[in-house]
Amino acid sequence: MDTASENKNQDFLARYAPVTGTSVIQHLEQLAAPLKGARVVHVNSTREGGGVAEILQKLIPLKKALGIETSWEVINGSPDFYECTKSFHNALQGMGRKVSDDLLKAYEQTNADCAERLRGVLEEADFVFIHDPQPAALLSHFPNRRGKWIWRCHIDASHPFRSVWKYLRPWLASYDASIFSLPEFAQPLPHAQYIVAPSIDPLSEKNRHLPTAEIEAVYAKFGLDPARPLVLQVSRYDRFKDPLGVIQAYLLAAKLTPLQLVLAGGGASDDPEGQEVLQEVQRAAEGHPDIHVLMLPSDAHRTINALQRASDIVIQKSIREGFGLTVTEGMWKGKPVIGGDTGGIRLQVFNHYTGFLVRTPEGAALRMRYLLHRARLRREMGERARQFVMDNFLITRHLREYLTLLVGLQGGCEERVVVG
Ligand code: UDP
């Protein structure tokens, strides 16, 4: 690498120092040194929409800046492929439904086609990260692989629907390692399993500091009243995110407290159910002018950032959640979060400390009213929430754990377990 590129990389990394401290950056550089020149490929099924794409967009430039040759490949297939992988996603999160043989055939065919398209890059790689079940069957097309292949599961796989797990397990068993976000998501697999929590990038458009005027501009843009409290849920229109439960909670709370609700979402190109769920949400919101159902473009990061900062409470009332980056994002903006008592939300929201965990719309409504009547508590919880993210869920911590894992795999120390 020439000196100009090295300086550029150092400048890129140094931008994080004011947030994380210089020693964190130095530590990353030390860890990355034995990996210089290694080729790492990440494969998933969408470049935008959802948490996986959000993380890869930020993680890959940082790995590159550390001298690791990192690339990102996306697999895509027919509508049947997406229907199949959405069923896998639902089934791994416990919503069981048998998947038809035709859909499974589409899954296998897409993986076979993509294996041919990506053969060169995947055969050359030293490390391949396969994200979630969509590209999981790729590995079977590389019997003579030279690199280490790692399956990175982002979803709550703690109670998978048995028949789907039975189908997927043989594809997964051949990997060199797998990574889950929480220990309880790990599954009996014949290789090393690592626990690494996801993260947010504090410098991204989604999370960076914004001028007050830009935050205030969202009120006019979406017809919101700055004088009344605002509760916000940001998420894909997905049943696991329980947007209908959020509306129910809002309607209960709004009976006694003046309140506005924003549901901000968008689609992910690998999610075929989004449109149907959006329509259900729009129907439920009909006749309630203070419920704002927004369909945002996939690059609306600053708008989401401004909405999160403009809100009084962030809600993420999921009934299953691998991690919930939207929770981390809300906490980073100093907001108390009312989160569904499930999966990765439990790792972030602590009752009465950084927010509240809830199980029902009634519980969520109760906590909305409780918080809305206590401005000081909201502020204090929000400050603790931001600090908690600073200590645990920034991209630099995520990167440190990935680098440790890669160094371990490179040195043949698969037994090592990284706990986030
Ligand atoms: N997101 C977005 N636009 C939307 C909905 C979500 O940019 O319309 C982002 C959101 O800010 C977060 C990510 O997508 O960064 C969602 O990640 P999360 O882990 O909360 O859920 P997932 O969609 O992966 O289940």
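Order of listing sets the numbers, starting from 1, for every ligand and every atom in it. Worth knowing before you read on, the calculation uses all heavy atoms, side chains too, and leaves out hydrogens, waters and symmetry mates. If you read the sequence from its start, that first residue is 1, and numbering goes on from there.
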Mutual orientation of the aromatic rings belonging to F393 and F323 [parallel < 30°, tilted 30-60°, perpendicular > 60°]: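 F393 and F323: perpendicular rings.
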Going by distance only, is there an N or O of [X] that falls short of 3.5 Å from an N or O of ligand 1?
X: L325; result: yes
X: Q308; result: no
X: G266; result: yes
X: G51; result: yes

Proximity of I304 to ligand 1 by residue part, where a heavy atom lies under 4.0 Å: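 It is the side chain that touches ligand 1; the backbone stays farther off.
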Which segment of H154 sits under 4.0 Å of ligand 1 when only heavy atoms are counted: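 No part of H154 comes within reach of ligand 1.
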Residue and atom name of the nearest protein heavy atom (relative to [atom]), distance in Å to one decimal:
atom: atom 12 (C) of ligand 1; result: E329 OE2, 3.3 Å
atom: atom 6 (C) of ligand 1; result: V234 CG1, 3.9 Å
atom: atom 23 (O) of ligand 1; result: R236 NE, 2.7 Å

Working for side-chain hydrogen bond (donor to acceptor under 3.5 Å, both in side chains), residues W72 and N44: CA-CA 8 Å; W72 177 7; N44 82 326; 2.8 Å; yes
Side chains of [X] and [Y]: closer than 4.5 Å at any heavy-atom pair?
X: S181; Y: R152; value: yes
X: V43; Y: H131; value: no
X: M368; Y: V231; value: yes

Pair E214-R302, salt bridge (Lys or Arg N to Asp or Glu O under 4.0 Å): steps then yes or no: CA-CA 9 Å; E214 194 171 338; R302 279 183 91 101; 2.7 Å; yes
Residue T326 vicinity, atoms of ligand 1 by number, heavy atom under 4.0 Å: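 Selected atoms, number and element: 10 (C), 12 (C), 20 (O).
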Numbered atoms of ligand 1 (with element) below 4.0 Å of G324, judged on heavy atoms: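 Ligand 1 atoms under the 4.0 Å threshold to G324: 19 (O), 20 (O).
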Given K86, H89, R320, the one that forms side chain to side chain donor-acceptor pair (under 3.5 Å) with D238: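 Single side chain to side chain donor-acceptor pair (under 3.5 Å) partner of D238 among K86, H89, R320: K86.
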Heavy-atom proximity to atom 21 (O) of ligand 1, best of K206, H89, K241: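 Nearest option to atom 21 (O) of ligand 1, by heavy atoms: K241.
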Any donor-acceptor N or O pair under 3.5 Å, side chains N207, K333: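 Yes - a donor-acceptor pair under 3.5 Å links their side chains.
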